[in-house]
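Take a look at the structure below.
Here is the naming used below: chain letters follow the sequence lines, and residue numbers restart at 1 for every chain.
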Amino acid sequence: MEQGTPYYFKFIEAFPNVQALANAPQEQVLKLWQGLGYYSRARNLHITAQHITGEFKGEFPKTYKELLSLKGVGDYTASAIGSICFDLPTAVVDGNVYRILSRIYGISTPINSSAGIKEFKQLAQKLLDISQSGTFNQATMEFGARYCVPQNPDCLHCIFNKDCVAFLSNTVGELPVKIKKQKIKKRYFNYIVIVSADKKTILNQRTGKGIWQQLYEFPLVESASEISENQLINTDDYVSLSKIHGITELVLYNDVQVVHKLSHQHLYTKFWIGYSNNLNNNGIKISEVQDFAVPVLVSNFISSFPEFK
DNA sequence: AAAGCGGGGTG
DNA sequence: CACCCAGCTTT
């Protein structure tokens with residue numbers, strides 16, 4: 001909530017209605033989302049706005065099935081919108097609900113297994129008070145967020161402690177059960193920050209699969225491990241870049257690699273400043289760099305680099 | 001069923 | 001460092 005609220009207000013101001021969002025360029029949507037992460041959500045939100053103004057003729061769908069058909073809307077979101085906005089009898093199961101139910105009922109089925117997802121959804125659906133679905137759902141989630149918290153919950157004062165299987169069996173700390181693996185991949189990024197005599201630079205848009213789709217970054221040379229300047233300037237990617245943009249001098253900006261941690265990747269990053277006399281009509285003005293949507297890793301660099309301030 | 005996708009916070 | 005988060009889509 002803390003992290004998302006300012007973004008919410010920026011969005012509402014920029015896009016007061018669904019038509020405004022649908023008609024906006026993707027670049028603007030991503031720029032407003034910059035720093036939030038999970039950028040596919042921004043793209044899906046944008047696509048969904050277009051579906052609603054198009055196929056749904058501007059009328060927001062109000063059945064579970066239709067909600068579920070929207071890009072980026074899965075069981076949780078469809079159930080939440082359905083119950084809160086349209087009084088549909090659909091139970092939400094988010095992280096809070098998993099935690100509360102697994103503890104009170106003493107359920108050790110992993111919450112991120114197929115069996116667990118099904119079991120918890122069924123239980124939540126059975127418990128749902130359909131005379132006030134939205135309120136019930138929000139209250140359940142809020143109780144989990146405020147009281148049945150992940151670590152060191154105050155069970156001694158909890159209203160459920162007479163019935164909570166986990167509390168009575170002293171297993172609160174072990175529930176919910178989650179299957180975890182997700183090994184973290186290490187990657188080595190070398191960003192070539194080109195600075196030309198007429199104060200221009202180069203940004204590329206990330207396309208295809210992987211992280212940060214559609215966001216911008218400096219020309220990237222990725223390597224299998226940390227590399228020295230000598231190794232860098234002998235890579236095909238750098239040779240090509242240097243030729244195209246006329247790099248005359250290369251200076252390492254950060255002696256110690258910046259480690260940018262995503263949930264599933266650690267990015268060991270060096271920023272190299274490549275000075276050029278002439279970008280041959282390529283590139284963008286340095287003063288315009290701030291208009292592009294960039295990942296936090298790149299944004300942090302830009303904020304720290306005097307030439308770009 | 002598993003993998004991939006961000007960034008920030010807590011203890 | 002381990003774990004958590006108002007999940008969903010793709011493979």
Round to a whole Å and report the spacing from [atom1] of [X] to [atom2] of [N].
X: A:N96; N: C:dC4; atom1: CG; atom2: P; value: 13 Å
X: A:I184; N: C:dC4; atom1: CD1; atom2: C1'; value: 14 Å
X: A:Y98; N: C:dG7; atom1: OH; atom2: P; value: 10 Å
X: A:I179; N: C:dA2; atom1: CD1; atom2: P; value: 19 Å
X: A:I47; N: C:dC8; atom1: CD1; atom2: C1'; value: 13 Å
X: A:N137; N: C:dA6; atom1: CG; atom2: C1'; value: 11 Å
X: A:N112; N: B:dA2; atom1: CG; atom2: C1'; value: 10 Å
X: A:Q138; N: C:dA6; atom1: CD; atom2: C1'; value: 10 Å

Write down the distance separating the [atom1] atoms in [N] and [M], rounded off to the nearest Å.
N: C:dC3; M: B:dG6; atom1: C1'; result: 16 Å
N: C:dA6; M: B:dC5; atom1: P; result: 22 Å
N: C:dC8; M: B:dG8; atom1: P; result: 22 Å

Residues pairing under side chain to side chain donor-acceptor pair (under 3.5 Å) where one sits in residues 74-86 of chain A, two or more places apart or in two chains, turn out to be A:Y64-A:D75, A:D75-A:K121, A:S79-A:K121, A:S83-A:N137
Using a heavy-atom cut-off of 4.0 Å across all strands, would you classify [X] as base, sugar-phosphate, or nothing?
X: A:V92; value: nothing
X: A:L70; value: sugar-phosphate
X: A:T77; value: sugar-phosphate
X: A:Q265; value: sugar-phosphate
X: A:R99; value: sugar-phosphate

Step through it carefully: locate the ring centre of A:Y253, locate the ring centre of A:F271, and say whether they are under 6.0 Å apart. no
Which is more 5' along DNA chain C, the nucleotide nearest A:N44 or the one nearest A:M1? Just name the residue. A:M1
Per-nt protein contacts along nucleotides 6-11 of chain B (heavy atom under 4.0 Å; B base, S backbone sugar-phosphate only, - none) come out as BSS--S
Is the A:F143 ring parallel, tilted or perpendicular to the A:Y147 ring (thresholds 30°, 60°)? parallel
Whether A:Y191 and A:F189 hold their rings parallel, tilted or perpendicular, with breakpoints at 30° and 60°: perpendicular
Quick one about A:R99 and A:N96 (side-chain donor to acceptor, distance below 3.5 Å, no hydrogens or angles considered), yes or no? yes
Examine the side chains of A:T53 and A:Q19 and answer whether a donor and an acceptor come within less than 3.5 Å of each other. no
Taking ring pair (Phe, Tyr, Trp, His ring centres under 6.0 Å) as the definition, give me every residue that meets it alongside A:F86, ordered by chain and number, with sequence neighbours left out. none
Mind checking whether A:T135 and A:D129 have side chains closer than 4.5 Å, heavy atoms only? no
Determine: side-chain N/O of A:K178 to OP1/OP2 of C:dC5, distance under 4.0 Å, yes or no. yes
